Structure formats: structure tokens, C-alpha cells
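To start, the structure under review is shown below, and the notes come after it.
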Amino acid sequence: MASLQVDGVRKNYGPTSVLRGVSLSIADGEFLTLLGPSGCGKSTLLRIVAGLEVQDAGSISIGGRAVDGLRPKSRDVAMVFQSYALYPHMTVASNMALPLRMRRLSAIQRVSLLGHLVPGRARITAEIEAEVTRVARSLGIAHLLGRKPGQLSGGQRQRVAVGRAMVRHPAVFLMDEPLSNLDAALRVQMRAEIKELHRRLGATFVYVTHDQAEAMTLSDRVAVMLDGELLQVSPPQDIYADPDDRRVAEFIGSPRINLLDGVVRERGLIDVAGSTLRIKADAAASAPLTLGIRPEALELAEHGGPDTLTGSVRLVEHMGSDLFVHLCLPGVDQPVLARLRAERAPQIASGQTLHLGVRADRLLLFARDGRRLRQDVGQGRGSIAAVREIA
Ligand SMILES: Nc1ncnc2c1ncn2[C@@H]1O[C@H](COP(=O)(O)OP(=O)(O)OP(=O)(O)O)[C@@H](O)[C@H]1O
Ligand SMILES: [Mg+2]
């Protein structure tokens, strides 16, 4: 078991700056997810932690020890790749045994004929087999040990890839989108299995995904990454309800957060889309702000007036338990989306005028540069080669 420290890591590929000074402290036994859109640098960071890629600046420590000069196999990490990176010509047992064979057997012991003559080989091989069987049982794949990867389902392959990481008992598991090749139902099932695995092993997990549902359900903390920078590292509920940055608020949440431009009228009041709303932030008069309102933070109001938005209904979508209402507001291009409980909003038709109430404590306020203004400010508050490297 070990903590993991990433300090000021930078990485450029030619003129492209892929990581722009990433720092992150992950506690021993924590499940941390790196969440961000495609191309933001998640895999690059993971590969640098694993030692498969060298950073241009900054440092990585595992268990309090700088590992920058160490080969991947000496870092006490194991990586599960998106592609699983299983050798197609080897059985499941051989694939899982590979990291142990690479570590425990010398080059000559690994050669099939000659190796038999070297003392100690039989004992080590038996130990490796026993460990592979034990891990395979714990993952429910013991009956598949004699098969080749091509004879397995996607979920079974994924378990083999996890098993191959587990046999070494690494201090840190690095998982790069391990579920992305699976269909939706299997993803949900495997998500639960990974969470259970983390609980059982108690190891440190760094998990990469661009799927927010995975990040939110699995993690102790989520690190939101964009364009090679970490924008926020917080528990999932804070990432959603208390974002530090407008880009975090926009990235997290489905349907997306509504963003409206407004201007502070006087302390505590803001004019937005033809309405006036109370705000708790300590913003100066005439300051231009952006309001973020989650779709479920809007509720039906009987009348217009303070703390309500009034507009005309463009579209109503029935989603079963919920109703998505798209409301066009005066002077705003994009309709706002309200998520209403279906039983509380029985008859809403396109074209009608509707009032939606906004509670001041559910408003998120952002400066125009994207920085969050806290409401209580005033109160002073890989690849197969890589597998071999790691093995
Ligand atoms: N070896 C490389 N040479 C040049 N550019 C690279 C290399 N590896 C990655 N990049 C670039 O670095 C950026 C970040 O890539 P990375 O694979 O880390 O993204 P990611 O966040 O993992 O994306 P995805 O979710 O699509 O896997 C991308 O623009 C990518 O094209
Ligand atoms: Mg990637």
C-alpha cells in the first residue's frame, strides 16, 4: 500500500503542451479518478506515473519515495490498459502469470527447454501457478485459465487484465479506461466489481475515465482535468454541487448546467434575462457575472416576480419520472432546461408562459473569467510492450 504524489509534472510533445504543471496528492488506499474529455492528457499522466513515459519537469513519488529514475517494473505499480493488452497466443493462465514470470524468473529460467535445467525453476513456477489460480478464483475466472483471449467475452477479458495486475500485489493500481470496450450493461456490472475489488484489496487506485457516471460512483475524490491542467480535486458530490470553476460545472452533470449572463444591480441583486434574482455573493454593482443553475434547481412558480425566471415553453420532454422543460427567456439565445418532477408538473404545453423559481442557495455564480464566486464570501469563509515494461 502506498500514497502517490505528483509534483509539478509537465510534458510536451513537440510544440504541444500536454501536461502543464500537474500536482496531485493521493492518499494510501484512496480511489482517485482522473476525469476529463478526450485528449486532455489523462493517459499521458498515468503513463508517466507508471514510468512508461518520462516527464519534462516535475516529480513522482510512491510511498514517499521519488521514483523518477526507476524503471516501470521497480515502481510497485500495475496498470490495466483500455485495450487490455492481452497476448492473443497465450492462455489466460500464461497471460496472468507473465508479470510474475518476468519478475521472479531469470531470463535463462524463462527459456522453455534450457530453463528446466536451472535450479529453482520448478519451485518458482509452482508458486506462480498457485498465485494465478488464487487470483483467478477470486475474480471468478478460474474455469477460463486454459482458454486464449479470443475465446473470451469482453467482460471476461477485462477480468483477466485486472487479474494480471493483481497477481503482483502492487501498491498502486493504475487503470486507464478499463471499461470502455464493454457494452452499457456490462459496464455497470464491472463498475460494481471494481469498487468491490478496491474495498477488498485496500490498495491505492488511480482510475482514468471520461465517463462521469463512473467517476462519480467509484471515487473517493475526482480530479477534473482539462487541457493538461487539473481544475479541481474534490469528492464527487462537491465536484457537482460546489464546483470551483465554470468549466468544471459545465463538464459535470447531465443534462448540462444552465449558464446565464447577468449584471449585478446592487449588492445582493442581479438582473438576468428580464428578471431580478437575489444572490448571496458579495459582488459589486454593475459587475458582469455568469449564473449557473442546475436543471433540477429550477422549480415551478405560480407567479413571476423576484427570484423567478419567466419565459415561453419551447419543448417538453417526458422522461418518465421527470419532465425536461426547455424555456426561452427574453434576450437569451439558448433555452434554459428545467428538470421537474412529473407528478408536480402535470400540464405544460409548448408555447405557454411559465415561471420558474430559483433559490439563491442553489445558484452558482462565476466571474466572467470562469472563477467561482462563493455565495458566502461576505461571511469570511497501452500497449503490450508497456505491460512487459511494468511486469
Ligand atoms: N506519443 C505522443 N506523441 C505526440 N502526441 C501525443 C503522444 N501521446 C499523446 N499525445 C497527445 O497528447 C494529448 C493527450 O493525450 P492523452 O492520450 O494523454 O489523452 P487522454 O486524455 O488520455 O485522451 P482519451 O480520453 O482520448 O484517451 C493528445 O492531444 C494526444 O494527441
Ligand atoms: Mg487516454
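Note that this is a predicted model, so its numbers are computed, not measured. When a ligand or atom number is given, it counts from 1 through the structure's own listing order. Residue numbers start at 1 and run along the sequence shown.
Inter-residue side-chain proximity for Gln158 and Ile194 is flagged as met; some heavy-atom pair is nearer than 4.5 Å. Contact check for Pro178 versus Val162: no side-chain heavy atoms found under the 4.5 Å cut-off. Using a 4.5 Å heavy-atom cutoff, the side chains of Met79 and Arg47 are in contact.
Scanning the protein heavy atoms around atom 15 (O) of ligand 1, the nearest turns out to be Thr44 OG1, 3.7 Å. Scanning the protein for heavy atoms near atom 26 (O) of ligand 1, the closest one is Ser38 OG, 2.4 Å. Annotation: atom 25 (O) of ligand 1 to nearest protein heavy atom, Lys42 NZ, 2.8 Å. Nearest to atom 23 (O) of ligand 1 among the protein's heavy atoms is Gly39 N, 2.7 Å. Counting protein heavy atoms only, atom 7 (C) of ligand 1 is closest to Tyr13 CE1, 3.3 Å. Scanning the protein heavy atoms around atom 27 (O) of ligand 1, the nearest turns out to be Ser43 OG, 3.9 Å.
The side chain of Val18, and not its backbone, has at least one atom closer than 4.0 Å to an atom of ligand 1 (non-hydrogen atoms only; side chain from C-beta on).
Among the atoms of Ser43, an N, O or S atom falls under 2.8 Å from the Mg ion (ligand 2).
Between the side chains of Ser25 and Gln5, a donor-acceptor pair is found at a separation under 3.5 Å.
The nearest protein heavy atom to atom 30 (C) of ligand 1 is not closer than 4.0 Å.
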Salt bridge (Lys or Arg N to Asp or Glu O under 4.0 Å) between Glu131 and Arg134, worked out: CA-CA 5 Å; Glu131 180 58 14; Arg134 197 188 63 75; 3.0 Å; yes
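Remark: distances from the non-hydrogen atoms of Gly36 to ligand 1 are all 4.0 Å or more. Using 4.0 Å as the threshold, Glu177 has a heavy atom nearer than that to some atom of ligand 1.
Closest approach of Ser234 and Asp238 over heavy atoms only: CB-CB, 3.9 Å.
Listed by number with element, the atoms of ligand 1 under 4.0 angstrom from any heavy atom of His210 are 25 (O).
Under a cut-off of 6.0 angstrom, the local environment of CD in Glu302 is sparse, with at most 12 non-hydrogen atoms contributed by other residues, nucleotides or ligands.
Each of Val336, Thr290, Val358 was checked for a side-chain contact (heavy atoms from CB on, under 4.5 Å) with Leu260, and the lone residue meeting it is Val336.
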